Amino acid sequence: QVQLQACGGGLVQAGGSLSLSCASSGRVYSSAVMAWFRQAPGKEREFLAAIRWGRGSTYYPDSVKGRFTVSRDTATNTLFLQMNSLNSDDTAIYYCASGTELSYSHRSYYNWGRGTLVTVSS
């Protein structure tokens, strides 16, 4: 099975920006949907963004629209998440995931990378 590896997390000050990447160990097929989620302590896993790998069309929940941008590099099979105007509520472990169905539910994605921790200091 293709493995996903998210990286780029770290400590950032409130108001700052951070870019995450998610490398796939194998080819990501054009039919795939790749997504970013996050999970803060004691909270549900939250959908952040998704991208249809082939078309490049993107989807965001209202909570991050305008602040987060998902993109991909099909040549290197890498997924990205650009995060701007970060605040303490964005502190969480961030995960990338893949599936074949566009969904805001983490249950629809079957392949998950190990998360990367993002900490926003106020």
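In this chain, residues are counted from 1 in sequence order. Just so you know, these numbers come straight off a predicted model, no measurement behind them.
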Review point. Would you say Val120 and Ile93 are hydrophobically clustered, going by side-chain heavy atoms of ILVMFWY under 4.5 Å?
Key: no
Check your understanding: With a cut-off of 6.0 Å (strictly less than), are more than 12 heavy atoms of other residues, nucleotides or ligands near CD of Gln3?
Key -> no
Practice item. Answer yes or no: is there a donor N or O on one side and an acceptor on the other, between the side chain of Ser57 and the main chain of Arg55, under 3.5 Å? Key: no
Practice item. Show the numbers, then the answer: is there a side-chain contact (heavy atoms from CB on, under 4.5 Å) between Val28 and Arg72? Key: CA-CA 10 Å; Val28 180; Arg72 90 274 194 241; over 6 Å; no
Review point. Taking the inter-plane angle between the rings of Tyr104 and Phe47 on a 0 to 90° scale, is it parallel (under 30°), tilted (30 to 60°) or perpendicular (over 60°)?
Key: parallel
Study note, to complete from the structure: Heavy atoms of Leu79 and Ser71 approach each other most closely as CD1-O, 3.5 Å
Check your understanding: When rounded to the nearest 0.5 angstrom, what is the spacing between CG in Leu4 and CG in Asn77?
Key -> 10.0 Å
Practice item. Give every residue pair that meets the ring pair (Phe, Tyr, Trp, His ring centres under 6.0 Å) criterion with at least one member in residues 52-72, sequence neighbours excluded. Key: none
Exercise for review: State which residues pass ring pair (Phe, Tyr, Trp, His ring centres under 6.0 Å) with Tyr94; sequence neighbours excluded, sorted by chain then number.
Suggested key: none
Point to revise | Evaluation steps, side-chain contact (heavy atoms from CB on, under 4.5 Å), between Trp112 and Arg45 | key: CA-CA 12 Å; Trp112 290 82; Arg45 194 160 292 194; 3.4 Å; yes
**Study point:** Separation between CG of Leu81 and OG1 of Thr116, rounded to the nearest 0.5 Å
**Key:** 11.0 Å
Check your understanding: Looking only at heavy atoms, which two atoms of Val64 and Leu48 are closest? And how far apart?
Key -> CG2-O, 3.2 Å
Exercise for review: Say whether Tyr95 and Leu117 are linked into one hydrophobic cluster, either directly or through other cluster members, by side-chain heavy-atom distances under 4.5 angstrom.
Suggested key: yes
**Study point:** Single-linkage hydrophobic cluster Leu20~Ile51, side-chain heavy atoms < 4.5 angstrom
**Key:** yes
Practice item. Give a yes or no on whether the backbone of Gln82 and the side-chain of Ser19 come within a donor-acceptor separation of less than 3.5 Å. Key: no
Exercise for review: Of all the heavy-atom pairs spanning Val2 and Ser24, show the shortest one and how long it is.
Suggested key: CG1-OG, 2.9 Å
Exercise for review: Taking the side chain as every heavy atom from C-beta outward, state whether Pro61 and Glu46 have any pair of such atoms under 4.5 Å apart.
Suggested key: no
Exercise for review: Search all heavy atoms of Ala97 against all heavy atoms of Tyr109 and return the closest pair with its distance.
Suggested key: CB-CB, 3.8 Å
Check your understanding: What closest approach, in Å, do Arg38 and Ala92 show between heavy atoms, and which atom pair accounts for it?
Key -> CB-CB, 3.9 Å
Revision key, fill the gap. Distance col, row Gln13:CD vs Leu86:CG, nearest 0.5 angstrom, shows 11.5 Å
**Study point:** Interatomic distance, Arg67 atom CZ to Ser85 atom OG [nearest 0.5 angstrom]
**Key:** 6.5 Å
Point to revise | Heavy-atom donor-acceptor pair, Trp36 side chain to Phe80 backbone, under 3.5 Å | key: yes
Check your understanding: Does the SG-to-SG distance between Cys96 and Cys22 fall under 2.5 Å?
Key -> yes
Point to revise | Closest approach of Ala50 to Leu102 (non-hydrogen atoms, all atoms of both residues) | key: CB-CD1, 3.6 Å
